[in-house]
Amino acid sequence: MTEHVEWSEPEATAAPANAPVTPADAADAARLVAFGLQPKLQPARDQEYTELLRRYREDPPFARLADAVAAGLGLVVLEVSPRAGMAVTAAEDSVFAVRMGDYARRASTDSGDRFLHGLAHLAVAALAFPRPEDLADDGYIGRVSVNGVDAFVRQACRRLEERAEETGENTDPATDAPGLEAAWRIWARRSSTGATKDARRLAGSTTGIIAKAVAFLTDSGFLQRTGDDAGGTYRTTARYQLQVRDMAGSAAMAELLELGIVPVTDGTATLLPAEDTDDLELVAGAGLPFHS
């Protein structure tokens, strides 16, 4: 380490705006994006990551360079901060995009389960952030459980069935019909847990599907497991909030919230019917952490 001497010039905090980009700058920018692609890595636990985040905030040319590197990889920068690190999401044409079909195949499911996996992710997001202010509040932490998500979806299924009966709609359409109206019927017919001879949860049951969804979100740095109660309990991370905030506004998620199943009082979602659901309108931008 070089010792400080009295006659040395002060270290510059940022390069001049017209300074040429050096290979070292490009390498640092790419390194920062690489950190952002490690969602479980916390900036506070890596000195180099912390330093690159500081440089991004204080050095505009470097920030533009890092943004350009991310854009070239098909990534969208959601936020760069000490709390979330360099939070990025993949554009639809990015090599990093996770598609629902790929996810379902990785979960060892047949093509008929695609809607169930999509609905599970949709329900986790809706239950974790049921109000627009929850998405807007950087300090808000959502909490979900596997059994709670299943109960939420099944209550939504009952509401949607009642709605279909009231309007005289066909209650048994083709299972490959798109949209939430088709997905809830498939979910309602599926066993909640199933059972093996040794009492294990069946992978194709609805709680088994939810368990795969939250495991995927945990591996992706969006959720953190907090316990084993209720089939597994989880809390949201800053990255998940940013992801849901960026992709909010899907018609299916808005429809789930408008059913009035998830009132919030002290920050913990419940499954009791809401007294007043007029304010459950989702802000523009939450959906799934993958592309269809």
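Nothing here was measured: the structure is a model prediction, and the numbers come from that model. Start at 1 with the first residue, then count along the sequence.
Proximity of a side-chain donor or acceptor of Thr237 to a complementary backbone N or O of Phe222 within less than 3.5 Å is detected. Remark: side-chain polar atoms of Arg245 are paired, donor with acceptor, to backbone N or O of Leu135 under 3.5 angstrom.
Thr226 pairs by the side chain to side chain donor-acceptor pair (under 3.5 Å) definition with Thr233, not counting sequence neighbours. For Glu79, the side chain to side chain donor-acceptor pair (under 3.5 Å) partners two or more places apart in sequence, or in a different chain, are Ser81, Arg83.
The two residues Val88 and Arg239 make their nearest non-hydrogen contact at N-NH1, 4.0 Å.
Between the CG atom of Leu53 and the CD atom of Glu58 there is a distance of 11.0 Å, given to the nearest 0.5 Å. Distance check: Ile141 CD1 to Asp134 CG gives 12.0 Å after rounding to the nearest 0.5 Å. Remark: Asp25 CG to Asp59 CG distance equals 7.5 Å, nearest 0.5 Å. A distance of 12.0 Å separates CD in Gln155 from CG in Asp150, rounded to the nearest 0.5 Å. Residue Arg158 holds its CZ atom at 11.0 Å from CG of Leu160, rounded to the nearest 0.5 Å. Rounding to the nearest 0.5 angstrom, the gap separating the OG1 atom in Thr218 from the NZ atom in Lys40 is 7.0 Å.
Judged by distance alone, the side chains of Gln243 and Thr89 do bring a donor and an acceptor atom under 3.5 Å apart.
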Quiz item: Is there a side-chain contact (heavy atoms from CB on, under 4.5 Å) between Phe216 and Asp219 once you walk through the steps?
Solution: CA-CA 5 Å; Phe216 171 81; Asp219 290 341; 5.8 Å; no
Practice problem: Please assess Thr206 against Val153 for the test side-chain contact (heavy atoms from CB on, under 4.5 Å), listing each intermediate value before the final yes or no. | Solution: CA-CA 10 Å; Thr206 54; Val153 178; over 6 Å; no
Practice problem: Starting from the C-alpha separation in whole Å, work towards a yes-or-no answer on salt bridge (Lys or Arg N to Asp or Glu O under 4.0 Å) for Arg131 and Asp137. | Solution: CA-CA 10 Å; Arg131 304 175 304 179; Asp137 181 2; over 6 Å; no
Quiz item: Are Tyr49 and Gln42 close enough, and set up right, to give a side-chain contact (heavy atoms from CB on, under 4.5 Å), and what steps lead you there?
Solution: CA-CA 9 Å; Tyr49 194 3; Gln42 298 181 15; over 6 Å; no
Exercise. Take Tyr234 and Leu217, measure what side-chain contact (heavy atoms from CB on, under 4.5 Å) needs, and give me the verdict at the end.
Key: CA-CA 10 Å; Tyr234 300 81; Leu217 292 171; over 6 Å; no
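Using cut-offs of 30° and 60° on the angle between ring planes, the pair Phe129 and Tyr140 is tilted.
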